[in-house]
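In what follows, a single structure is set out as C-alpha cells and then discussed.
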Amino acid sequence: MKTFYIPVYLRGKYQLIATVTFTALWSLVYILCKVPFSDNAWFALGASKAFSFTAIFFGICLMLVIISKWLMYATRAMFKMTFPQYVAWNLSEVILISMLYTCFTIQGVTLGIIDFHLSSFMHMFLHAFETSFMALIVPYIIAGMFFAIEDKNKTIRLMNTNEVVSDETQELPSGVQKVTLYDNSGVMKLSVSLANLFYIESDDNYIIVWYTDSKGDLKKYMIRCRLKTVEESFMGSSLVRCHRKYIVNMDKVQALRKEKDGYELDLENDAIPPITITKTYAENVLSRFNNNL
C-alpha cells in the first residue's frame, strides 16, 4: 500500500508560526462570538477573578499549541510525517485542550472562582472537544489550503517548450524539455533547457542553478527558493537529490566513482568539481544511475 506523506511546507518554520498566529486570532474571535450564546461556557471579560482564570487558561492553551508546533518543526528531519499521523497529531492537541478545559472548570467551581453548573465529566469534555475542534482544526484547514496555493506558485515546473511562452523566434524541436524556476514570490526567474542544466546547489535560503548557455559556457544563477521545494517539483525526472546541498541532472553524469568516504559523481564538464553522494541519498542515486546506463 502506498504511503501518503504531508507536504514538507506544512512543517516549515514560517508556515507553523503563521498557523499558530492565525489560529490564536481565530480562536479568540470564535470564543468571543460563541460565549454570549452558550450556557456551557464560563469565560468572562472585565476585571474579575473569572477573567483572570480565563486569561490563564488561554495562555496555557497557546503555550501547548506553540510547543506542539515546535516539536513538529524540530522533528521534521527525523521522520517524514504521513497524513494519518498529521491528523492524529492535531487531534491530540484538541483532546489535550479539551481535558484542560474540563479540569479548569472543575477546579474553578471548587475554588469558587467561577459560577458554573457542573455536569458529568464526559458531558463537559465532549462540549469542550466540540469548541476546541472549531477553534483549532478549522483554522488549521484554512491555513493549510492557503499554504498549498502559495507553495504551488513557488514550485519549479518541468514542461515541454511547446507549452512555454518564449521570445525566441526560432521554433525549438518538439519534445525539448525546459526547467522553469520561480522564486518564493512566485515570480519566474529562469527558464533553461534540461539538456543544458548540470546541477542545482543550495545556499542557505537560496539555490544556485549551474547550466551552460548557448555558447557552451558554464553559468550560474541564484534564486531565493528552497532546495526541498525543487526536489518535490521534479520528482520522477532526471533531476535527483544526491546530497543535502545538491541536486544533479543524471543525464549529465559522466562517471560514478567509489571513494574512501563514499561515492562521487563526475559531470560532463571539467569546470565542475566532483559532487559527493551522501548515505541518505545513495540508494536512490545508485538506482537511478543504473537505470540511466
Side-chain angles (χ1 to χ4, degrees), residues 2-20 69-86 89-90 140 143-159 177-192 194 197-211 220-250 252-253 262-263 265 275-289:
K2 185 177 181 180
T3 303
F4 293 94
Y5 296 99
I6 66 169
V8 177
Y9 59 77
L10 288 180
R11 298 172 77 180
K13 184 177 181 180
Y14 160 74
Q15 285 84 350
L16 291 176
I17 292 175
T19 298
V20 171
K69 298 310 179 190
W70 178 82
L71 289 173
M72 185 178 288
Y73 172 76
T75 58
R76 70 195 188 286
M78 300 179 186
F79 69 96
K80 296 174 66 176
M81 184 174 287
T82 64
F83 274 101
Q85 289 173 333
Y86 183 73
W89 188 298
N90 289 319
Y140 287 174
M145 293 173 64
F146 171 80
F147 293 131
I149 296 172
E150 183 183 58
D151 191 72
K152 185 178 180 181
N153 293 329
K154 298 177 184 177
T155 59
I156 295 174
R157 299 167 177 86
L158 184 65
M159 61 187 76
Q177 290 182 309
K178 303 270 287 189
V179 175
T180 305
L181 299 96
Y182 295 75
D183 64 11
N184 282 347
S185 300
V187 178
M188 188 176 75
K189 292 294 184 178
L190 177 67
S191 182
V192 59
L194 183 61
L197 176 60
F198 282 83
Y199 71 104
I200 302 173
E201 178 183 1
S202 174
D203 184 13
D204 197 14
N205 293 323
Y206 292 81
I207 60 171
I208 302 174
V209 184
W210 293 87
Y211 66 100
K220 67 176 181 179
Y221 193 89
M222 180 176 283
I223 302 173
R224 187 175 181 84
C225 178
R226 296 179 302 124
L227 195 65
K228 189 66 178 177
T229 300
V230 178
E231 179 186 9
E232 294 175 345
S233 302
F234 55 65
M235 199 166 293
S237 73
S238 60
L239 301 177
V240 178
R241 185 81 172 260
C242 68
H243 190 280
R244 68 180 183 84
K245 289 192 63 175
Y246 301 114
I247 288 170
V248 297
N249 183 356
M250 294 302 296
K252 291 296 186 180
V253 175
Y263 291 95
L265 293 172
I275 296 180
T276 302
I277 302 175
T278 54
K279 293 180 180 180
T280 304
Y281 304 99
E283 183 178 349
N284 185 41
V285 174
L286 293 176
S287 63
R288 297 296 297 272
F289 186 85

Rounded to the nearest 0.5 Å, what separation is found between the [atom1] atom of [X] and the [atom2] atom of [Y]?
{"X": "Ser202", "Y": "Lys228", "atom1": "OG", "atom2": "NZ", "result": "12.0 Å"}
{"X": "Ser191", "Y": "Leu181", "atom1": "OG", "atom2": "CG", "result": "8.0 Å"}
{"X": "His243", "Y": "Lys279", "atom1": "NE2", "atom2": "NZ", "result": "12.5 Å"}
{"X": "Ile223", "Y": "Tyr206", "atom1": "CD1", "atom2": "OH", "result": "11.5 Å"}
{"X": "Thr229", "Y": "Ile207", "atom1": "OG1", "atom2": "CD1", "result": "9.0 Å"}
{"X": "Glu232", "Y": "Leu227", "atom1": "CD", "atom2": "CG", "result": "10.5 Å"}

Full working for side chain to side chain contact (heavy atoms under 4.5 Å, CB included) between Leu10 and Tyr86: CA-CA 10 Å; Leu10 288 180; Tyr86 183 73; 4.2 Å; yes
Can any side-chain N or O of Arg11 pair as donor or acceptor with the backbone N or O of Met72 at less than 3.5 Å?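 Indeed, once roles are kept as given, a pair shorter than 3.5 Å links the two residues.
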Whether Thr82 side chain and Gln85 backbone form a donor-acceptor pair below 3.5 Å: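 Looks like yes, one N/O pair under 3.5 Å.
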Tyr263 and Leu286, any side-chain heavy atoms less than 4.5 Å apart: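 Yes, at least one pair of side-chain atoms sits under 4.5 Å.
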Are Lys69 and Asn90 packed together at the side-chain level, in the sense that at least one heavy-atom pair is separated by less than 4.5 angstrom?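 They are in contact (side-chain heavy atoms under 4.5 Å apart), so the answer is yes.
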Phe198 and Trp210 aromatic centres sub-6.0 Å: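 Centroid distance Phe198-Trp210: not below 6.0 Å, so no.
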Least distance between heavy atoms, [X] atom then [Y] atom:
{"X": "Ala282", "Y": "Ile277", "value": "CA-CG2, 3.6 Å"}
{"X": "Val240", "Y": "Phe234", "value": "N-CE1, 4.2 Å"}
{"X": "Phe83", "Y": "Pro7", "value": "CZ-CD, 4.0 Å"}

Per the side chain to side chain contact (heavy atoms under 4.5 Å, CB included) rule, which among Val230, Val248, Asn249 passes with Leu239?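 The option that passes is Asn249.
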What's the verdict on side chain to side chain contact (heavy atoms under 4.5 Å, CB included) for Thr276 and Tyr246, showing C-alpha distance, side-chain angles and the deciding distance? CA-CA 9 Å; Thr276 302; Tyr246 301 114; 5.9 Å; no
A cation-pi test, strictly: NZ or CZ of Lys245 under 6.0 Å from the centre of the six-membered ring of Tyr281 and no more than 45 degrees from its axis. Yes or no?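 Lys245 over Tyr281 ring: no.
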Stepwise side chain to side chain contact (heavy atoms under 4.5 Å, CB included) test for Leu194 and Ser238: CA-CA 9 Å; Leu194 183 61; Ser238 60; 3.7 Å; yes
Indicate the ring-plane relationship of Phe147 and Tyr14, choosing parallel, tilted or perpendicular according to the 30° and 60° boundaries.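 Perpendicular: the ring planes of Phe147 and Tyr14 meet at over 60°.
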Take Trp70 and Leu16 through the test side chain to side chain contact (heavy atoms under 4.5 Å, CB included) and record every step on the way to the result. CA-CA 8 Å; Trp70 178 82; Leu16 291 176; over 6 Å; no
Who pairs with Arg244 by side-chain contact (heavy atoms from CB on, under 4.5 Å), at least two apart in sequence or on another chain?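 Only Arg241 meet the side-chain contact (heavy atoms from CB on, under 4.5 Å) criterion with Arg244.
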